[in-house]
Structures are given as C-alpha cells and as structure tokens.
Amino acid sequence: MQLTFASYNIHKGVGKDGRRDADRILAVLRELDADVIALQECDRRFGARTSVIERTALDDTPWQALPVAQRPQSLGWHGNALLVRRKFQALEAHAVELPRLEPRGAVRGDFMVEGVRLRAVGVHLDLSGLRRRDQIRAVLKHVDGCAEACPTVLMGDFNQWGAGTGAMRELTHGWHSLVPGRSFPAHNPVAQLDRIVACTRWRVIAQGVHHSALAAKASDHLPVWATLELPDK
C-alpha cells in the first residue's frame with residue numbers, strides 16, 4: 001500500500017495578494033492530490049471560528065473532513081483539520097488538548113484503507129521551543145494511549161527551524177522525522193517549518209514541497225508531502 005500524506009498551513013485562506021480565497025486553496029489541494037491532508041489555520045481565529053472552506057465546497061472534492069471540530073461552524077480544532085479520501089472508511093476523530101501559551105491544538109483521526117487501520121495526527125505547534133517540546137510529548141502520549149496501535153503519521157506546522165534540533169529530538173526512536181524542504185514564506189521560502197513524521201512501520205518513498213505558481217500565491221506557507229509505503233501484512 002502506498003499513500004501520499006500532505007500538510008498545508010492555509011493562513012485562513014489569505015494569500016500573498018491579501019485576498020481570502022477558499023477556492024484557490026481547494027485548487028492547490030487538487031494539484032497536490034494527496035490521500036490524507038492535514039490543514040492548519042483552516043478556521044477563523046475569533047468568534048464562532050467559522051471554517052474558511054465551507055463544508056459544502058468539499059462535496060465537489062475527493063476528500064471528506066474527519067469530524068474533529070468542536071464548534072458547528074468549524075472544520076477543525078484550533079484550526080487543525082484532517083481530510084481523507086472519500087473511499088476511506090472513517091473510524092474515529094478526536095481533538096487533542098495541548099499544553100500551550102498560544103491557542104494551539106492537535107487532531108487525531110483513524111480510518112480504514114484496504115482493511116488496514118491507519119492513524120493521522122495534525123498539529124500546529126507553539127512558537128516557543130520549550131512549549132513545542134511539551135506539545136510533542138503530549139501528542140506522543142495521546143498516540144501511545146490509543147486503544148489500538150496502528151501505522152501512524154504526524155503532520156503539520158511544527159514552527160521548528162532546525163531539522164533535528166530542539167523539540168524534534170523527541171521524535172527519534174520509532175519515527176522517521178521528515179523535512180520535505182523549505183516551505184515558508186511561500187513566495188521565497190527559507191524556513192523548513194512544515195514537517196511530516198511517520199512511524200517506522202512506514203517506508204519513505206518520496207517527499208517534497210509543492211511549489212506551484214498557484215501555491216506561491218494562495219497562502220504564506222507551501223504544502224509539503226510524503227509518499228509512504230506500508231509493507232504487506
């Protein structure tokens with residue numbers, strides 16, 4: 001089994017031109033054509049935390065949103081959402097509380113593909129390095145506490161500059177910590193803030209940054225992706 005996982009901080013749909021354009025974000029997602037997508041900053045930050053992407057707009061896409069939202073007008077939890085292909089069977093979806101100085105959270109979704117249970121976690125970590133370390137520990141504790149162990153992928157905006165330094169040292173034994181490339185700022189990327197971390201049950205086939213002309217305009221981050229393979233059962 002090979003699947004492509006992607007992470008995209010959509011900056012509440014606001015692009016380089018200052019316009020909020022959810023259709024443009026969806027067009028970038030179609031360019032990516034990933035099987036599992038973690039979104040960050042997909043809801044407005046204040047008030048009802050309304051989703052930038054209307055739920056009905058997803059009806060014309062290959063993806064379904066896992067039900068991680070805690071508010072009726074939101075798509076995500078603290079802006080984090082998980083999209084999976086419609087043909088995948090959704091099993092569970094949960095918001096994950098994180099220790100935080102800023103409004104931060106994570107989301108976890110389990111789904112079935114070809115009879116195999118898989119797990120994805122979407123995160124947007126704090127700007128504070130010490131708090132990021134605590135947040136990664138909280139995510140790992142949550143994953144370890146799940147009733148069923150299964151192949152797992154963590155994705156998101158880790159707000160971490162160093163490839164294997166700082167909080168990323170928490171993700172060593174049992175994990176492939178991938179740095180697909182420079183993804184921020186989108187128009188001239190210099191920082192590798194967006195990461196994909198796969199448990200070692202996955203084999204890494206390819207990884208990269210989606211740097212199209214549209215993606216360079218749609219958000220302040222570029223999407224990152226990784227194609228992973230799960231050996232036969």
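Computed from a predicted structure; not experimentally measured.
Annotation: side chain of Gln64 is not in contact with side chain of Leu58 (no heavy-atom distance under 4.5 Å). Within the 4.5 Å cutoff, no side-chain heavy atoms of His211 are placed close to those of Arg182. Contact check for Met155 versus Val121: no side-chain heavy atoms found under the 4.5 Å cut-off. Contact annotation: the side chain of Val107 never approaches that of Val96 to less than 4.5 Å [non-hydrogen atoms, C-beta and beyond]. Taking 4.5 Å as the limit, some side-chain heavy atom of Leu125 sits within range of a side-chain heavy atom of Leu98. Within the 4.5 Å cutoff, the side chain of Val52 has no heavy atoms near those of the Asp43 side chain. Residues Cys199 and Trp175 form a side-chain contact, since some pair of their non-hydrogen atoms from C-beta on lies under 4.5 Å apart. Under the 4.5 Å side-chain criterion, counting only non-hydrogen atoms from C-beta, Asp157 is not in contact with Val123.
Note on Ile205 and Trp225: separate hydrophobic clusters, where clusters join Ile, Leu, Val, Met, Phe, Trp and Tyr whose side-chain heavy atoms are under 4.5 Å apart, directly or indirectly. By the rule that hydrophobic residues join a cluster once side-chain heavy atoms approach within less than 4.5 Å of another member, Met1 and Val204 end up as members of one cluster. At a threshold of 4.5 Å between side-chain heavy atoms, the hydrophobic network of Ile, Leu, Val, Met, Phe, Trp and Tyr places Val36 and Val116 in one connected group. Cluster membership for Leu171 and Val179, using ILVMFWY side-chain heavy atoms within less than 4.5 angstrom, is not shared. Note on Leu214: it clusters hydrophobically with Ile53, by side-chain heavy-atom contacts below 4.5 Å among ILVMFWY residues.
We find the CZ-CG distance between Phe5 and Leu154 to be 10.5 Å, quoted to the nearest 0.5 Å. Between the CG atom in Leu26 and the CD atom in Glu31 there is a gap of 11.5 Å [rounded to 0.5 Å]. Put simply, CG on Leu66 and CG on Leu83 are 7.5 Å apart, with the number rounded to the nearest 0.5 Å. Leu228 CG to Thr4 OG1: the interatomic distance, rounded to the nearest 0.5 Å, is 7.5 Å. Atom CD of Gln73 sits about 10.5 Å away from atom CZ of Arg44, to the nearest 0.5 Å. From Cys146, atom SG reaches atom CG of Asp110 across 6.0 Å, with rounding to the nearest 0.5 Å.
The minimum heavy-atom distance linking Pro231 with Arg201 is given by the pair CD-O, 3.4 Å. Ile196 approaches Pro180 most closely through the heavy-atom pair N-CD, 4.5 Å. Annotation for Ser51 and Leu75: closest pair OG-CB, 3.3 Å, computed over non-hydrogen atoms. The two residues Pro151 and Trp202 come nearest to each other via the heavy atoms CB-NE1, 3.5 Å. Considering all non-hydrogen atoms of both residues, His11 and Ser219 come closest at CB-OG, 3.4 Å. Across all their heavy atoms, Ala38 and Gln40 have their closest contact at O-NE2, 3.4 Å.
Between Arg24 and Asp17 there is a salt bridge, since at least one side-chain N of the basic residue sits less than 4.0 Å from a carboxylate O of the acidic one. The pair Asp134-Arg131 meets the salt-bridge criterion, with a side-chain N (NZ, NE, NH1 or NH2) lying under 4.0 Å from an Asp/Glu carboxylate O. A salt bridge does not link Arg132 with Asp126: none of the charged nitrogens is closer than 4.0 Å to a carboxylate oxygen. Salt bridge present: Asp35 and Arg85 bring a charged side-chain N and a carboxylate O closer than 4.0 Å. A salt bridge does not link Arg119 to Glu92: none of the charged side-chain nitrogens sits closer than 4.0 Å to a carboxylate oxygen. Remark: Asp220 does not engage Lys16 in a salt bridge, criterion side-chain N to carboxylate O under 4.0 Å.
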**Report entry** Full working for side-chain contact (heavy atoms from CB on, under 4.5 Å) between Arg117 and Leu91
**Finding:** CA-CA 9 Å; Arg117 187 186 189 104; Leu91 299 175; 3.6 Å; yes
Query raised in the report: Step by step, would you call Arg104 with Asn80 a side-chain contact (heavy atoms from CB on, under 4.5 Å)?
Result: CA-CA 9 Å; Arg104 295 291 193 231; Asn80 295 284; over 6 Å; no
Report task. For Arg137 and Arg133, run side-chain contact (heavy atoms from CB on, under 4.5 Å): C-alpha distance rounded to whole Å, both residues' side-chain angles, the deciding distance at 0.1 Å, then the answer. Result -> CA-CA 6 Å; Arg137 288 173 177 167; Arg133 187 182 296 273; 3.5 Å; yes
**Report entry** Test side-chain contact (heavy atoms from CB on, under 4.5 Å) applied to Arg86 and Asp59, step by step
**Finding:** CA-CA 10 Å; Arg86 293 187 181 280; Asp59 293 343; 4.0 Å; yes
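The environment of CD in Glu54 is sparse: at most 12 heavy-atom neighbours from other residues, nucleotides or ligands sit within 6.0 Å.
Counting only distance, with no hydrogens or angles, the side chain of Thr152 and the backbone of Cys150 share a donor-acceptor pair below 3.5 Å. Listed for the Arg20 side chain is a donor-acceptor partner under 3.5 Å among the backbone atoms of Lys12.
Residue pairs meeting the ring pair (Phe, Tyr, Trp, His ring centres under 6.0 Å) criterion with at least one partner in residues 111-164, sequence neighbours excluded, are Phe88-Phe111.
No side-chain donor from either of Gln207 and Thr227 sits under 3.5 Å from a side-chain acceptor of the other.
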